[in-house]
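Throughout, a chain's letter reflects where its sequence line sits, starting with A, and its residues are numbered from 1.
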There are 2 protein chains.
Amino acid sequence: MTMPKTTITITDVAKAAGVSKSAVSYALNGKPGVSDATRAKVLDVARSMGWKPNNAAKSLSDASTRTIGVVQLVDDAENFGAGMFAMDCLAGLCQVLDPRDYSITLRMTAGGAHAACRIHEEWIASGAVDAHLIMGVELGDPRLALFRAHPEAKAVFLSQRAVTKGLPTLYSSDDEGARMVVRYLHGLGHRNIARIAGPEEYVHTITRDQATADECSKLGMRCTTLHGKYLAAVGEQLCLALLEFGDSPTAIVCDTDVTAVAAARAAIARGVSVPGDLSIVAWDDSPSCTSATPKLTALHRDVRSIGVKAGSMLLRMIDGESVDSEPEDPYQLIERDSTAPVSEA
Amino acid sequence: MTMPKTTITITDVAKAAGVSKSAVSYALNGKPGVSDATRAKVLDVARSMGWKPNNAAKSLSDASTRTIGVVQLVDDAENFGAGMFAMDCLAGLCQVLDPRDYSITLRMTAGGAHAACRIHEEWIASGAVDAHLIMGVELGDPRLALFRAHPEAKAVFLSQRAVTKGLPTLYSSDDEGARMVVRYLHGLGHRNIARIAGPEEYVHTITRDQATADECSKLGMRCTTLHGKYLAAVGEQLCLALLEFGDSPTAIVCDTDVTAVAAARAAIARGVSVPGDLSIVAWDDSPSCTSATPKLTALHRDVRSIGVKAGSMLLRMIDGESVDSEPEDPYQLIERDSTAPVSEA
DNA sequence: CTGAAAGCGCTTACAG
DNA sequence: CTGAAAGCGCTTACAG
């Protein structure tokens, strides 16, 4: 008959151990102020009574919640890639948070950056979290202004420094990644390439666009860029559009695995050989890149390590250190079967 | 100069409004005990002062955390499908939780059911969450015993009633789904089918195995079942194994999109036409099913609605209602290009 | 309808 | 080293 024992508190432990509440608190928290003997006894009694600290009480008295807040933006249609990214990233975050006994407080909203902003504002005002992780930052994002107005709130942004200007951010290697792809294709002899990019409201889209354009111009290459959502239909359609051009590209880099797979399919269905006539590279690797025919060359990054880095930054901020922006780990170009030297025409 | 105003409390509001703390509390919480005039004034003052309730204080005094706890199991390798499922499910959960101002407290662990169990135990003891959502239940899962021993803890399981026996569970329609597929293939003339199933520790694997076997026997069909992880390599390998048999199946149903896509690829690479010689159906639809060639017939379910249902159950438990187990919405069979009538041999 | 008071469980100066 | 006490911000009986 395991009686659901009415929650046991430090007062109970103190009584049982024959010491004061403060002694118990000091002992339990490993703080000085009690003799080793007392500490040992308290620890022993507490464990045997099955005592666990009450979260709310602790938070109220020490003004720390041991939780970091993240609000995930969900889009009905293109949720897939973003969802996986967030999940892996959170896994990394949890990995660093766990040893410190921190949890994630998660909210999801379909209301975009504005809705997310309201939640963070709420969290700041109510002291619901110790720090915030911000992902999916858009141009003119209201969350930027919010955290500028609240320098006392701890937050790290997953974004670009050009956008967050001074706010602690873990910035992507998208610029570098874009240049790496361009150089790779250049090495294969491609001179006329194209991008099937993501929506232009995303910061990383712009970053990739610009870096690609810049590197192409340096190498004397031409690049056509088309934008669209991360949908198979879009990849298909834009690929066909590119192939319609009189002077169609010999390589296409797609901003996501979904569009890349679709583009490859569309090209092949139209009688264009991949990689014979057309090389395709996917930005962001995933199982669908290896399941596709041919297997897609992809720009790969360890998403979990992004969460790990962000978590470490957050924890340091919570510890009172001042943290600077940091770069993500660089991308890796994984060469598979969808890219080849440009064919002699 | 937006001074980060030192956190404002109901005491401040009370002072400013010229009433007592209790009056403020009653007014703010919409409880009787204050005149309409007082209430209006308090509300007004509170808003103008930018007051927000302190979470910890509220939790401590009313013993509710306005948070529901979920711990996500992460496996390094086969994390993909499960990750997406969890994400969509959580999105649904958030959708119902949001209007009630509840958040999700999320932890992720690579330590399996045992590690998850320890976290839930911690949460129960420390009063960290108001209720728990349990996913990825295994046979002999320690979390079952934990919540049996703690009937005061509110939890809903995403599992099968046969496993949770009496604990409130949102149970899948896997049995029904399996039968639906079998009948569908039977209707196409298939009599010898196979399953490329998931690992046998998963409850849903067993459920599907059993329902498939039962329905096949009822219809006089034969079914070979092979188990393996949710990896492309496994799908490929098991598909080839099945095709090696002298009397190879005319249809294969794969427990996940990853294995299904890989199986189709492997078959085609081996010169087996899909769906001409071999039909393939994927369990759990995803973008990769529509990106594949041919597009895969799949068993589809609205994962988000699972989260919605679970959330509603949880909320009702929190409200003190006693809730019974409920079924998920049924699967839908989405016919695409990977299934066809069995060819006359 | 309204105010003064106790209590939620823990932490932390402050005296012994 | 140890105990008594105040305080974190809110809720909720309990008297007026």
Side-chain angles (χ1 to χ4, degrees), chain A residues 5-43 45-46 49-67 101 122-130, chain B residues 5-43 45-46 49-67 101 122-130:
Chain A
K5 40 178 83 79
T6 44
T7 174
I8 108 114
T9 75
I10 56 166
T11 304
D12 302 318
V13 175
K15 214 165 291 173
V19 298
S20 72
K21 270 170 48 182
S22 24
V24 173
S25 178
Y26 290 138
L28 257 14
N29 291 309
K31 296 205 170 165
V34 281
S35 62
D36 288 349
T38 306
R39 186 186 305 276
K41 189 211 246 150
V42 167
L43 254 27
V45 172
M49 296 180 78
W51 175 86
K52 286 284 155 58
N54 175 293
N55 236 294
K58 216 164 178 169
S59 295
L60 184 56
S61 66
D62 73 0
S64 109
T65 61
R66 280 156 304 278
T67 211
D101 245 303
E122 189 79 26
W123 280 344
I124 293 175
S126 67
V129 303
D130 288 352
Chain B
K5 40 178 84 76
T6 45
T7 174
I8 109 117
T9 75
I10 57 166
T11 304
D12 302 319
V13 176
K15 214 164 291 175
V19 299
S20 72
K21 270 171 49 184
S22 24
V24 172
S25 178
Y26 289 139
L28 257 13
N29 291 308
K31 296 204 171 166
V34 281
S35 62
D36 288 350
T38 306
R39 183 184 308 276
K41 189 211 247 152
V42 168
L43 254 28
V45 172
M49 294 181 77
W51 174 87
K52 286 283 156 57
N54 176 292
N55 236 293
K58 216 166 178 167
S59 295
L60 184 56
S61 67
D62 73 1
S64 107
T65 61
R66 278 158 305 278
T67 212
D101 246 302
E122 189 78 28
W123 280 345
I124 294 175
S126 67
V129 302
D130 288 352

What verdict does the side chain to side chain contact (heavy atoms under 4.5 Å, CB included) test give for B:Leu60 and A:Asn54, after you've listed the backbone C-alpha separation in whole Å, the side-chain angles of each residue and the deciding distance to 0.1 Å? CA-CA 9 Å; B:Leu60 184 56; A:Asn54 175 293; 4.2 Å; yes
ask   = Start at the 5' end of DNA chain D and walk down; is the nucleotide closest to A:Ala57 or to A:Arg39 reached first?
value =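 Looking at the nearest nucleotide for each, A:Arg39 comes out on the 5' side.
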Practice problem: Carefully, step by step, assess B:Asn55 and B:Arg66 under the rule side chain to side chain contact (heavy atoms under 4.5 Å, CB included). | Solution: CA-CA 9 Å; B:Asn55 236 293; B:Arg66 278 158 305 278; 4.1 Å; yes
Taking C-beta and beyond as the side chain, do [X] and [Y] meet within less than 4.5 Å on heavy atoms?
X	Y	value
A:Thr38	A:Val19	yes
B:Val34	B:Val42	no
B:Trp51	B:Leu28	yes

Subject >> Start and end of the DNA chain C segment that chain B contacts, any atom under 4.0 Å from a heavy atom >> reply: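 Both ends considered, the range comes out as C:dC1 to C:dG9.
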With a 4.0 Å cut-off on heavy atoms, is [X] in touch with a base, just the backbone sugar-phosphate, or nothing at all?
X	answer
B:Ser35	sugar-phosphate
A:Lys31	sugar-phosphate
B:Pro53	sugar-phosphate
A:Ser25	base

For DNA chain C, whose closest nucleotide is more 5', that of B:Thr38 or that of A:Ile10?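 In this pair, the answer is B:Thr38.
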On DNA chain C, check which nucleotide each of B:Ser20 and B:Ser61 is closest to and give me the residue with the more 5' one.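 The residue closer to the strand's 5' end, by nearest nucleotide, is B:Ser20.
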Next on the checklist: Is it the case that the side chain of A:Asp62 and the backbone of A:Ser64 share a donor-acceptor pair, with hydrogens and angles ignored and the cut-off at 3.5 Å?
Outcome noted: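 Yes: the side chain of A:Asp62 pairs with the backbone of A:Ser64.
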Donor-acceptor contact present, side-chain A:Ser25 to main-chain A:Lys21, <3.5 Å:
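Checked: no pair found.
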Intra- and inter-strand pairing of DNA chain D, written as dot-bracket with Watson-Crick and G-U pairs under 3.5 Å and | for the latter, reads |||.||||||||.|||
Quick one about A:Ser20 and A:Ser22 (side-chain donor to acceptor, distance below 3.5 Å, no hydrogens or angles considered), yes or no?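 Yes, A:Ser20 and A:Ser22 have a side-chain donor paired with an acceptor closer than 3.5 Å.
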